[in-house]
Amino acid sequence: MKEAERPLVREELEDLLIPYHQVVQNNIEAVEGSIVIDWGSYSPQNSLAFDGMHTSKSEPVPLLQTDDVHLYTRLERDAPRLWKMIQTHDYLLNEIADLGSQINSLLEPAVKRYLEDHSLLSEFDEGGIRTLNGAILKQIDQYGDQHEHAEIWSEHRDELCRILDEVAADEYEELQEEIDRYRTHCGELPEELVERRVSLQNEYSIPVEDEEEPVEFV
């Protein structure tokens, strides 16, 4: 019986447990450096799938992949706690994305009004507005010296950042809380993945050296 299950177990190891561990570690690095993430436009659905692909460490990537559905059925049956944690990982990313979108929808009209009141709106196209909203959400100190709006940001930064407190203070606080929850969850998930991996390797006598290399991240 165990010999017959070995191919499926190996598939779970190589396509799920090992790469998921890598992805979670990658996501932790992305969130810890989240000053570069524009949470206002972040969308897990638009993130690259990691299966067989290189992904950057600039944004967190969801775990659930449609090609692995048959493995999820097995995981739900044999490791329900781990399965729930994987689902929670992606749920939290969606919550963060939804909050970022809410904040952006509140922030953008207020920012446009401010720019119009200061005769600056004509200086920005839609892309420039999105970049400005992201700068406000991230509370950056300055644009790059060569950026076309560096001087405007330098002169108006404090007033623009104050808009966030005026129109979306509660949502922004909730966003920070959800990001903290996600950090905590990502701190716990790798241990569960490793525990499941080691358990399967021991039960089915699959040595570490027989595993394929995990997905490479850049």
(request) Rounded to the nearest 0.5 Å, what's the gap from NE2 on His21 to CG on Leu17? Could you check? (result) 10.5 Å

(message) Please determine whether residues Leu71 and Val198 belong to a single hydrophobic cluster, defined as Ile, Leu, Val, Met, Phe, Trp and Tyr linked transitively by side-chain heavy-atom distances below 4.5 Å.
(response) no

(message) How close do Ala97 and Ser43 get, counting heavy atoms only, and between which atoms?
(response) CB-CA, 4.5 Å

(message) Is there a side-chain contact between Ile28 and Arg183 in this structure, where contact means two heavy atoms from C-beta onward sitting under 4.5 Å apart?
(response) no

(request) Dump the intermediate steps for side-chain contact (heavy atoms from CB on, under 4.5 Å) on His89 and Leu64, then the final yes or no. (result) CA-CA 9 Å; His89 173 278; Leu64 297 174; over 6 Å; no

(request) Return the minimal non-hydrogen interatomic distance between Ala168 and Ile103, and the atom names on each side. (result) CB-CG2, 4.2 Å

(message) Counting neighbours of CZ on Arg77 that are heavy atoms of other residues, nucleotides or ligands and sit closer than 6.0 Å, is the number greater than 12?
(response) yes

(request) Show the numbers, then the answer: is there a side-chain contact (heavy atoms from CB on, under 4.5 Å) between Tyr182 and Asn27? (result) CA-CA 10 Å; Tyr182 180 73; Asn27 287 351; 3.2 Å; yes

(request) Mark yes when over 12 heavy atoms from residues, nucleotides or ligands other than Tyr72 sit less than 6.0 Å from its OH; otherwise mark no. (result) yes

(request) Starting from the C-alpha separation in whole Å, work towards a yes-or-no answer on salt bridge (Lys or Arg N to Asp or Glu O under 4.0 Å) for Glu195 and Arg81. (result) CA-CA 12 Å; Glu195 183 177 319; Arg81 172 178 164 82; over 6 Å; no

(request) Determine whether Ile129 and Leu121 make a side-chain contact, defined as any pair of heavy atoms from C-beta on separated by less than 4.5 Å. (result) yes

(request) Quick one: pull up CZ in Arg197 and CG in Leu13 and give me the separation to the nearest 0.5 Å. (result) 8.0 Å

(request) Using a 4.5 Å cut-off on heavy atoms from C-beta on, say whether the side chain of Ile96 contacts that of Arg181. (result) no

(request) Taking the side chain as every heavy atom from C-beta outward, state whether Leu93 and Val61 have any atom pair closer than 4.5 Å. (result) no

(request) Answer whether the closest heavy-atom distance between the side chains of Asn26 and Pro60 falls below 4.5 Å. (result) no

(request) Rounded to the nearest 0.5 Å, what's the gap from CH2 on Trp83 to OG1 on Thr88? Could you check? (result) 10.5 Å

(message) Using a strict threshold of under 4.0 Å (side-chain N to carboxylate O), is an ion pair present between Arg196 and Glu12?
(response) yes

(request) Report the C-alpha distance between Tyr172 and Leu137 in whole Å, list the side-chain angles of each, state the deciding distance to 0.1 Å, and finish with yes or no for side-chain contact (heavy atoms from CB on, under 4.5 Å). (result) CA-CA 8 Å; Tyr172 183 73; Leu137 192 55; 3.7 Å; yes

(message) Within the 4.5 Å heavy-atom criterion, are Leu132 and Ile152 side-chain neighbours or not?
(response) no

(request) Report the C-alpha separation of Ile136 and Ile163 in whole Å, then their side-chain angles, then the decisive distance to 0.1 Å, and conclude whether the side-chain contact (heavy atoms from CB on, under 4.5 Å) test is met. (result) CA-CA 8 Å; Ile136 294 169; Ile163 294 172; 5.5 Å; no

(message) Is there a side-chain contact between Asp38 and Arg130 in this structure, where contact means two heavy atoms from C-beta onward sitting under 4.5 Å apart?
(response) no

(message) Are Ile86 and Asp90 packed together at the side-chain level, in the sense that at least one heavy-atom pair is separated by less than 4.5 angstrom?
(response) no

(request) Return yes if a side-chain donor-acceptor contact under 3.5 Å exists between Tyr204 and Glu5, otherwise no. (result) yes

(request) Under the salt bridge (Lys or Arg N to Asp or Glu O under 4.0 Å) rule, what do Arg10 and Glu14 come out as? Steps first, then yes or no, please. (result) CA-CA 6 Å; Arg10 186 177 291 277; Glu14 295 172 352; 3.7 Å; yes

(message) Whether Arg6 and Glu3 form a salt bridge (side-chain N of Lys/Arg under 4.0 Å from carboxylate O of Asp/Glu) is what I want to check.
(response) yes

(message) Working to the nearest 0.5 angstrom, can you tell me the gap between Lys84 NZ and Leu75 CG?
(response) 13.0 Å

(message) Strictly by side-chain hydrogen bond (donor to acceptor under 3.5 Å, both in side chains), give each pair with a member in residues 143-166 just once, sequence neighbours left out.
(response) Tyr114-His156

(message) With rounding to the nearest 0.5 angstrom, report the CG to CG distance, Asp180 to Leu175.
(response) 9.5 Å

(request) Enter the distance from Glu32:CD to Ile179:CD1 here, rounded to the nearest 0.5 Å. (result) 10.5 Å

(request) Please say whether more than 12 non-hydrogen atoms of neighbouring residues, nucleotides or ligands are located less than 6.0 Å from CD in Glu191. (result) no

(request) Give the minimum heavy-atom separation between Leu63 and Tyr20, together with the two atoms involved. (result) O-OH, 3.0 Å

(message) Could you see if Val24 belongs to whatever hydrophobic cluster contains Val194? Use Ile, Leu, Val, Met, Phe, Trp, Tyr and a side-chain cutoff under 4.5 Å.
(response) no

